[in-house]
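To start, the structure under review is shown below, and the notes come after it.
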Amino acid sequence: MAESMICGLIGTGIGRSLTPPMHEREGAAQGLHYLYRTIDLDARQLTVDDLARLVNTAADLGFRGLNITHPCKQLVIALLDELSEDASRLGAVNTVLFDGAKKIGHNTDWSGFGRNFDIGLAGASTGSVVQIGAGGAGAAVAYAVAKRGAGHLTVIDADLARATELAKAMASLFPAVDFEAGTPSDLERSLAAADGVVHATPTGMAAHPGTAFDPGLLRPQMWVAEVVYRPAETELLTAAAALGCRTLSGTGMAVHQAADAFEIFTGLEADTERMIAHMQELIAFEDATTSAGALT
C-alpha cells in the first residue's frame, strides 16, 4: 500500500494556487498517497490571529507539514521550535515540517530562485546586479543573488525606506557584498553598469499587466530574471528577449521552491523536469479556461 501523507498551504488569496496539484502529482508519481490542502484565510473568514490554532491543529491531525505564504511568513516563526540556518538568517519561513513533536521552519523561496538561476542562467555574471522590488519575495531573491557571489547589488523600490531596510539587512548577512538602495529615479544609472536585473514586483502578472520599468534601459549583454510566473512569459521577458538579453522565467522559481518543500516533507528527491512540465500544463489549462470564459 502506498504511504499516506497530508500537507497544506496557509495564506490569503490562495484559492487558485498551483502548489497543491504540483505536490499531489509529484507525490503520486513517487508512489505516495499524497494529499495537499489549501487553507485560505480569506475564504474561511479567518485572520492571522488564527494562525497558531491552524498550525497546531494541522500538527495534531497528523499533517506532515505546511507551506506558508503571505501574510504569515514572519508571524509563523514564533510558533516554531527550530529554524533552518537560512530561514533564521532571512527571518522568514515558507515551509514548516512537523517532525515528531517539533515544528521546524525552512525557507525554500531563496533556494527555489537560486536553483532556477543556476539552471536557466548558468554562467551568468553576478558582478553587478539590480533588483527591482524590496517587498514580498525581495529578501529571498536578494539572499539567493548574494549567495551566488554578487559583488554589488542595488535594491530599487518605490519606497526608499523599504529598499534601504532590505539593503541594510542583507549587508549584515553578506559583508563582502556591496549593497545599495535606490528608487526608480536611480534605475537608468544603475542599469547602465549592471550585468543583470531581477524583477521582484507584482507588475507583469495577469492582474497587473505592464512592466515595472522601461525595457529600453536594458542592454543586449544583460540577463533578466523574473519572479512573476503567471504568465510564464511576462511583457518584460518578451521585451528583453527581443533586445537579445538572456532571460529567466519565474515559473522555474515556483517549481523549484515547491520541489524543495516536497523533498523536506517526503525525504524523496523531486523530479523537477517532471514538475516543470506539469506546471506548464497547469498554466496552459488556466490560460485556456480564462480565454474561453472571456468569450462566453
Side chain to side chain donor-acceptor pair (under 3.5 Å) evaluation trace for E226 with T234: CA-CA 8 Å; E226 179 68 88; T234 61; 2.8 Å; yes
Nearest-0.5 Å distance that lies between atom CG in D40 and atom CD1 in I14: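 The distance works out to 5.0 Å.
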From T95 atom OG1 to L9 atom CG, the distance as rounded to the nearest 0.5 Å: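 With rounding to 0.5 Å, OG1 (T95) is 9.5 Å from CG (L9).
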Those residues that, when tested against I77, pass side-chain contact (heavy atoms from CB on, under 4.5 Å) (two or more places apart):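 side-chain contact (heavy atoms from CB on, under 4.5 Å) check on I77 returns L83, V93.
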Mind checking whether [X] and [Y] have ring centres under 6.0 Å apart?
X	Y	answer
Y143	F113	no
F117	W110	no
Y34	F262	yes

Could you verify whether a donor N or O on one side chain and an acceptor N or O on the other, from [X] and [Y], lie under 3.5 Å apart?
X	Y	value
H199	T201	yes
S125	D195	yes
E180	H152	yes

Beyond-backbone contact of H70 with T12, side-chain heavy atoms, under 4.5 angstrom: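 When only atoms from C-beta onward are counted, T12 and H70 do touch, with a gap below 4.5 Å.
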Note, N94 side chain near T69 side chain (heavy atom, < 4.5 Å):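 Side chain of N94 against side chain of T69, heavy atoms only: no contact under 4.5 Å found.
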Charged tip of R64 within 45° of Y36 ring normal and under 6.0 Å: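 Verdict for Y36: no cation-pi partner in R64.
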